[in-house]
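Please read all numbers here as calculations on a predicted model, not as lab measurements.
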Amino acid sequence: MYGVTLKLKKPFIAAMIGGAISGGILNVFHVKAYGMGMPGLIALPGYVSAHDNANFIVAIIASVIAFVIAFAAAWLLGFEEERTGDLQNETDGGEKQNIQAGTQIKIVAPVSGKAVDVTSLADQTFAGQVMGQTTAIKPSSNEIVAPFDGEITLVAETKHAVGIKSVDGIELLIHLGIDTVELQGKNFISHVKAGDHIAQGDLLMVMDVAAIKKAGYDPVVLSIVTNTADYLNVISTTTSDNIVVGDNVAAAIS
């Protein structure tokens, strides 16, 4: 979801339309899940009932309907256009900023700590930078601050992730820890909400690094440029063992 829908909003709307209609069908026919599994088609066996064959059949039909309607809705709604050439973005005051092709836009550290080799991360999605160019920092502080001026686009319900769009157009996801979604918000305090305008250095989140480690989770802070494809290149610019908030850690080249 982070890797696609933070960049392309219309397909997300289409998916929600398909899911809502499919969910309505499941509700009307009182379909029940008898087991839990990973989301997706592999969860279908959880709808098999020893006493009600229709339960599984309706679940399959509803899944097919979800796919068909989501596809049709995405086809009708279209996709957001990719930015090419000069980029034009609104600042907080509504003014337009032109970013000339070839510009290098710096991304700074949202937390103090030590640079971590992304490929060494336990989560293969992050290690492979599937969601976009990723900078990883082993935090030495509990405070996560805004790496640039912009707007909050997402605050995860479990407070382990926050999305920001800069005035320059960079869409950044700051992900706090590996698998920390399982903590259900424990050890995290959010200081922002979606729609807030923020300035570089503003406090975004407070994470209890020691408590997260004690709970058995890696508290590594990941800065992921989810719209990496919009740029000629996005590169990491540091491997320092002593990163301080505000240090340049990456750059997007348009």
Side-chain angles (χ1 to χ4, degrees), residues 2 6 103-156 159-181 183 187-192 198-228 231 233-254:
Y2 292 137
L6 286 179
T103 297
Q104 186 177 108
I105 307 168
K106 295 179 179 179
I107 303 170
V108 305
V111 67
S112 297
K114 175 182 177 180
V116 175
D117 180 4
V118 175
T119 61
S120 69
L121 297 175
D123 188 301
Q124 292 307 303
T125 297
F126 296 133
Q129 302 186 69
V130 174
M131 295 163 59
Q133 188 277 340
T134 303
T135 300
I137 299 175
K138 181 180 179 181
S140 59
S141 168
N142 290 335
E143 294 188 347
I144 310 300
V145 303
F148 42 57
D149 298 349
E151 181 180 352
I152 302 297
T153 58
L154 165 79
V155 176
K159 300 180 177 64
H160 73 289
V162 57
I164 316 172
K165 183 173 183 178
S166 78
V167 295
D168 296 322
I170 292 177
E171 296 174 14
L172 192 75
L173 178 70
I174 301 177
H175 197 283
L176 309 180
I178 304 294
D179 293 330
T180 46
V181 63
L183 292 172
N187 303 321
F188 297 100
I189 300 174
S190 173
H191 287 263
V192 291
I198 43 91
Q200 183 177 332
D202 285 352
L203 182 62
L204 303 178
M205 292 276 184
V206 173
M207 60 187 294
D208 190 333
V209 174
I212 292 170
K213 287 181 179 178
K214 188 175 181 180
Y217 296 90
D218 182 352
V220 63
V221 175
L222 307 173
S223 296
I224 306 168
V225 181
T226 56
N227 65 332
T228 292
Y231 298 93
N233 199 4
V234 183
I235 57 174
S236 294
T237 58
T238 185
T239 56
S240 174
D241 287 344
N242 187 28
I243 295 173
V244 177
V245 166
D247 286 353
N248 293 329
V249 294
I253 303 169
S254 62

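The shortest side-chain heavy-atom distance between M207 and P219 falls under the 4.5 Å cut-off. Within the 4.5 Å cutoff, the side chain of V108 has no heavy atoms near those of the V249 side chain. Between I152 and I198, the closest side-chain pair of non-hydrogen atoms falls below 4.5 Å. Between P147 and S223, the closest side-chain pair of non-hydrogen atoms is not below 4.5 Å.
V111 and S141 make their closest contact through CG2-O, 3.8 Å (heavy atoms, listed as atom of the first residue, atom of the second, distance). What you find for V221 and I144 is that their closest heavy atoms are CG2-CD1, 3.9 Å. Minimum heavy-atom separation, L176 to K159: CD1-O, 4.1 Å. Of all heavy-atom pairs spanning A161 and L173, the tightest one is CB-CD1, 4.1 Å. Here the closest heavy-atom approach between residue E143 and residue V206 is recorded as CG-CG2, 4.5 Å. The minimum heavy-atom distance linking V116 with K138 is given by the pair CG2-N, 3.6 Å.
No donor-acceptor distance shorter than 3.5 angstrom exists from the side chain of T228 to the backbone of G132, with no hydrogens or angles considered. Side-chain atoms of D123 come within 3.5 Å of backbone atoms of T125 as a donor-acceptor pair (strictly under, hydrogens ignored). In this structure a side-chain-to-backbone donor-acceptor pair under 3.5 Å is present from T153 to G163.
Each ring-ring contact (aromatic ring centres under 6.0 Å, His included) pair with one or both residues in residues 113-133, not counting sequence neighbours, appears once here: F126-H175. Sequence neighbours left out, the pairs with a member in residues 209-218 that pass side-chain hydrogen bond (donor to acceptor under 3.5 Å, both in side chains) are E182-Y217.
To the nearest 0.5 Å, atom CG of residue D168 and atom CD1 of residue I105 are 4.5 Å apart. In this structure, N227 CG and E171 CD are separated by 4.0 Å, a value rounded to the nearest 0.5 Å. The distance from the CD1 atom of I189 to the CG atom of L204 is 13.5 Å, given to the nearest 0.5 Å. A distance of 6.5 Å separates OG1 of T134 from CG of L222, quoted to the nearest 0.5 Å. Atom CD in E151 sits 8.5 Å away from atom NZ in K165 (nearest 0.5 Å). From N142, atom CG reaches atom OG of S112 across 11.0 Å, with rounding to the nearest 0.5 Å.
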Q: Let me see the working for L172 and I224 under side chain to side chain contact (heavy atoms under 4.5 Å, CB included), right down to the final yes or no.
A: CA-CA 5 Å; L172 192 75; I224 306 168; 5.6 Å; no
Q: Apply side chain to side chain contact (heavy atoms under 4.5 Å, CB included) to I253 and V234, showing your working.
A: CA-CA 6 Å; I253 303 169; V234 183; over 6 Å; no
Q.
Applying side chain to side chain contact (heavy atoms under 4.5 Å, CB included) to I137 and K114, what does each step give before you reach the verdict?
A. CA-CA 5 Å; I137 299 175; K114 175 182 177 180; 5.9 Å; no
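With sequence neighbours excluded, no residue forms a ring pair (Phe, Tyr, Trp, His ring centres under 6.0 Å) with F148. Qualifying side-chain hydrogen bond (donor to acceptor under 3.5 Å, both in side chains) partners for T119, counting only residues two or more places apart in sequence or in other chains: D117. Residues passing the side-chain hydrogen bond (donor to acceptor under 3.5 Å, both in side chains) test with S236, sequence neighbours excluded: Q133. Remark: D208 engages N187, A210, A211 in a side-chain contact (heavy atoms from CB on, under 4.5 Å) (not counting sequence neighbours). Remark: A127 pairs with L121, Q124 by the side-chain contact (heavy atoms from CB on, under 4.5 Å) rule, at least two apart or across chains.
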Contacts under 3.5 angstrom, residues 239-248 side chains, donor-acceptor by atom type, not counting sequence neighbours:
from: S240; atom 1: OG; to: N242; atom 2: N; distance (Å): 2.9
from: D247; atom 1: OD2; to: V244; atom 2: N; distance (Å): 2.9

